[in-house]
Protein chains: 2
Amino acid sequence: MESRPKKKRANLRDVAKVAGVSVATVSRVLNSPKAVSEETRLRVEEVIDMLHFVPSAAARAINSGRTRVIGALVPTLDNAIFSRFLAALEKHLAMHGLSLVVATTSNDPEIETEKARGLVDIGVEALIVSGITHSPEFDKLMEQTRLPVIATSYFEENYHLPTVGYDNASASRIALDFLLASGHQKIAVVHGPVKNNDRTQARLSGLKAAKLAHSLQMFETDISIQGGSTAIQNLLRTKTTFTAILCFSDVLAMGVLFELQRQQINVPEEVSLIGIDDLPSSPYTFPAITTVHLPVARMGEVAAKSIVRWLDSQTVPDPYLLPAELIVRHSTRKLE
Amino acid sequence: MESRPKKKRANLRDVAKVAGVSVATVSRVLNSPKAVSEETRLRVEEVIDMLHFVPSAAARAINSGRTRVIGALVPTLDNAIFSRFLAALEKHLAMHGLSLVVATTSNDPEIETEKARGLVDIGVEALIVSGITHSPEFDKLMEQTRLPVIATSYFEENYHLPTVGYDNASASRIALDFLLASGHQKIAVVHGPVKNNDRTQARLSGLKAAKLAHSLQMFETDISIQGGSTAIQNLLRTKTTFTAILCFSDVLAMGVLFELQRQQINVPEEVSLIGIDDLPSSPYTFPAITTVHLPVARMGEVAAKSIVRWLDSQTVPDPYLLPAELIVRHSTRKLE
DNA sequence: TTGACAGATGTAACTAGTTACATCAAGCTG
DNA sequence: CAGCTTGATGTAACTAGTTACATCTGTCAA
């Protein structure tokens with residue numbers, strides 16, 4: 001019924017034709033409107049509106065060589081620590097006109113490599129990854145594409161990629177030292193999977209020195225509320241005595257806390273509990289969880305700014321160490 | 001020192017030249033390797049490796065008209081309900097070779113519009129938004145671009161965009177009915193901001209009928225653990241009596257639970273507590289929170305599949321109603 | 001009156017891929 | 001041995017923008 005049988009999306013040439021100007025003029029209306037006379041500009045804008053013209057991002061990208069998209073690879077979105085990080089990252093990238101593509105890896109280097117390939121395929125300008133454990137194929141891909149990559153959640157001065165993160169070993173050390181200084185000797189340690197997880201590994205290594213002198217019992221479990229819960233069930237089954245529990249993440253600590261409440265074990269009267277991360281919810285649990293604060297929001301900000309600088313001025317950023325800080329709340333107490 | 005002073009990224013033509021074949025052949029090696037002789041293929045692949053050639057996503061997109069990127073606009077990443085949704089969405093989009101760009105709106109229609117414009121600019125093929133409250137500019141943008149858009153977290157048969165979500169009014173009604181059936185008459189309702197939030201508004205409307213017959217006291221607060229905590233502080237200050245608290249989200253319920261514990265008010269002995277959402281942590285709190293389960297992971301899956309079908313076969317999906325289901329746990333009790 | 005210059009606009013060549021069509025050789029059939 | 005088919009490859013025209021350079025008009029000063 002219409003005059004045009006094939007009504008595809010309008011492009012620059014269509015607009016130019018209808019407005020009776022050249023493609024260059026339409027392009028100018030879009031990109032440097034002051035270079036076009038008022039009259040022409042208004043006419044072109046009218047046609048743009050009329051034809052529902054929306055410039056093709058791909059065509060623009062092919063010329064500028066910029067897609068304005070950054071990719072982030074995180075283990076999961078189901079832990080508040082990563083979603084907070086991404087929230088900060090997204091916010092600060094958006095300030096610089098960059099968008100964030102998120103892909104999850106389930107802590108599996110193979111999935112990570114596959115997803116990284118997918119991100120390269122859609123044309124991300126840079127990549128942000130978690131930790132420094134990656135597959136050889138991943139490293140090869142990064143080398144081939146020469147894409148800016150930043151590793152987060154982990155500080156390592158001499159890693160071949162710039163890192164933005166905290167000293168995981170010292171974070172767990174801070175927590176342990178606080179428990180030891182409070183007179184605790186028999187301590188249960190609840191941590192996430194060790195395999196493929198350099199953050200957990202580093203936190204474990206932070207305890208190594210103390211392990212010889214003191215009684216530390218390790219419990220590996222999933223990083224989730226449920227994981228904390230089952231770890232305590234396992235712990236109680238061993239019938240070993242302990243006066244404090246050190247959790248490698250506040251998510252675990254919350255699970256542990258709930259399970260202790262269920263078992264009628266008082267925190268901190270009977271058992272002291274300390275976590276690592278400091279989630280937004282941690283100050284509000286009852287009792288409020290003592291923890292080691294890791295500035296993830298700051299990490300997102302620093303990562304975003306490093307990427308922006310890298311892209312703008314080809315400067316490979318220096319590794320950035322974020323401070324880990326003890327926050328004493330009410331889930332721990334001094335032993336007499 | 002090198003022969004080539006300007007060493008840009010290699011492109012198809014460079015590879016073709018070095019390998020001594022035509023651009024078409026290189027393109028074939030990339031896209032339909034079986035159409036090329038073994039010998040030629042190997043030679044070309046060698047050159048690709050040698051020159052670190054990575055095909056330009058933009059150039060591919062310009063031809064196929066597909067960027068393989070989907071945009072999602074969510075209020076925040078700081079609430080587990082949205083990160084779970086995004087996790088499921090990302091997973092199911094990835095299964096179909098689609099990537100997910102995430103942008104946060106802080107529940108502000110203006111920010112949403114701005115971010116939507118950004119997503120259109122980078123060339124997303126479709127958009128997934130939360131709720132049905134959007135600015136006129138947003139609607140205009142969507143109309144102009146004719147982009148597939150799905151509204152989530154909200155079911156509304158007659159909305160101009162397809163919706164995938166639950167009946168928020170009936171979710172709150174389910175929770176309230178359960179409290180009423182358990183003999184509760186004096187009920188405090190803790191909910192998030194009403195402004196610009198159709199989910200909250202719908203949940204409030206679900207209580208309207210009962211509001212006349214029963215004593216419902218409303219408390220508006222931020223959707224966070226802290227928000228739940230302060231709501232209870234405000235509630236206690238009013239000195240009104242109540243036997244149950246209905247929270248419009250489990251995040252609020254957790255904050256409420258912690259604060260009640262701090263105030264030495266027993267749940268469920270003294271006060272019954274019910275939430276809506278059913279977070280992964282909800283079964284593990286002490287006591288485990290009774291709640292109305294909203295299948296967010298399913299929502300992510302359905303949204304992803306709807307988008308895929310829409311893009312593949314131009315079929316605008318039908319609105320999809322997800323069931324809300326009461327999960328009775330241990331934070332509620334029957335009044336004699 | 002001429003030259004210089006600014007302002008507005010157009011032409012065409014770029015960007016980096018895909019792909020329809022043409023070409024050519026080799027193998028098979030009648 | 002002509003004629004047909006198949007397989008492998010190349011040429012060139014697309015995709016949708018940007019932009020260097022050319023052109024044209026008009027104003028102003030010399």
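Below, each value reflects all heavy atoms present in this structure, side chains not excepted, and no hydrogens, waters or symmetry copies. Reminder, nothing fancy here: chain letters follow the sequence lines and each chain counts from 1. No experiment lies behind these values; they were computed from the predicted model shown.
- Atom CZ in A:R13 sits about 9 Å away from atom P in D:dT15, given to the nearest Å.
- For the pair A:N63 and C:dT15, the criterion of a side-chain N or O lying under 4.0 Å from OP1 or OP2 is not met.
- Distances shorter than 4.0 Å separate none of the side-chain N or O atoms of A:S56 from OP1 or OP2 on D:dG17.
- With no hydrogens or angles considered, no side-chain donor-acceptor pair links B:E137 and B:T113 at under 3.5 Å.
- Looking at B:R84, its side chain never comes within 3.5 Å of a backbone N or O of B:A297 through a donor-acceptor pair.
- Between A:R60 and D:dT18, a side-chain N or O to OP1/OP2 separation shorter than 4.0 Å is present.
- The ring pair (Phe, Tyr, Trp, His ring centres under 6.0 Å) analysis of residues 104-152 of chain A, with sequence neighbours excluded, yields the pairs A:H134-A:F138.
- Atom CG of B:L30 is separated from atom C1' of C:dA16 by 12 Å (rounded to the nearest Å).
- Phosphate contact (OP1/OP2 of D:dG17, side-chain N/O of A:N11, threshold under 4.0 Å): absent.
- Per the geometry, CG belonging to B:D14 stands 10 Å off C1' belonging to C:dA16, to the nearest Å.
- Using modelled atom types and a 3.5 Å distance limit, the side chains of B:Y166 and B:R298 yield no donor-acceptor pair.
- Helix-axis bend for the helix from C:dT1-D:dA30 to C:dG30-D:dC1: the local axis fitted to the five terminal pairs at one end deviates from that at the other end by 50°, rounded to 10°.
- At the heavy-atom level, B:G20 lies under 4.0 Å from the strands shown only through sugar-phosphate atoms.
- Every pair tested for ring pair (Phe, Tyr, Trp, His ring centres under 6.0 Å) that includes a residue from residues 67-103 of chain A fails, sequence neighbours excluded, so the list is empty.
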Under the side chain to side chain contact (heavy atoms under 4.5 Å, CB included) rule, what do B:V302 and B:M299 come out as? Steps first, then yes or no, please. CA-CA 5 Å; B:V302 172; B:M299 187 166 81; 5.9 Å; no

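- In this structure, CZ on A:R13 lies 9.5 Å from NZ on A:K17, to the nearest 0.5 angstrom.
- In the region residues 35-44 of chain A, proximity to DNA chain D at under 4.0 angstrom, judged on heavy atoms, holds for none of the residues.
- As a whole-Å value, the separation of A:K34 NZ from C:dA8 P is 12 Å.
- Between B:S27 and C:dT18 there is a side-chain N or O to OP1 or OP2 distance below 4.0 Å.
- Without hydrogens or angle criteria, A:D198 side chain to A:G131 main chain gives no donor-acceptor distance under 3.5 Å.
- The CZ atom of B:R66 sits 18 Å away from the C1' atom of D:dA16 (whole-angstrom rounding).
- Residues passing the side chain to side chain donor-acceptor pair (under 3.5 Å) test with A:T105, sequence neighbours excluded: none.
- Residue contacts for B:V21: at a heavy-atom cut-off of 4.0 Å it reaches the sugar-phosphate backbone alone, with no base atom in range.
- If you take CZ of A:R28 and P of C:dT9, they are 8 Å apart, rounded to a whole angstrom.
- With rounding to whole Å, A:L12 atom CG is found 14 Å from C:dG10 atom C1'.
- Per the geometry, CD1 belonging to A:I62 stands 17 Å off P belonging to D:dC14, to the nearest Å.
- Within the structure, the ring pair (Phe, Tyr, Trp, His ring centres under 6.0 Å) test picks out no pair touching residues 104-127 of chain A (sequence neighbours left out).
- Taking only side-chain nitrogens and oxygens, B:S22 comes nearer than 4.0 Å to OP1 or OP2 of D:dG10.
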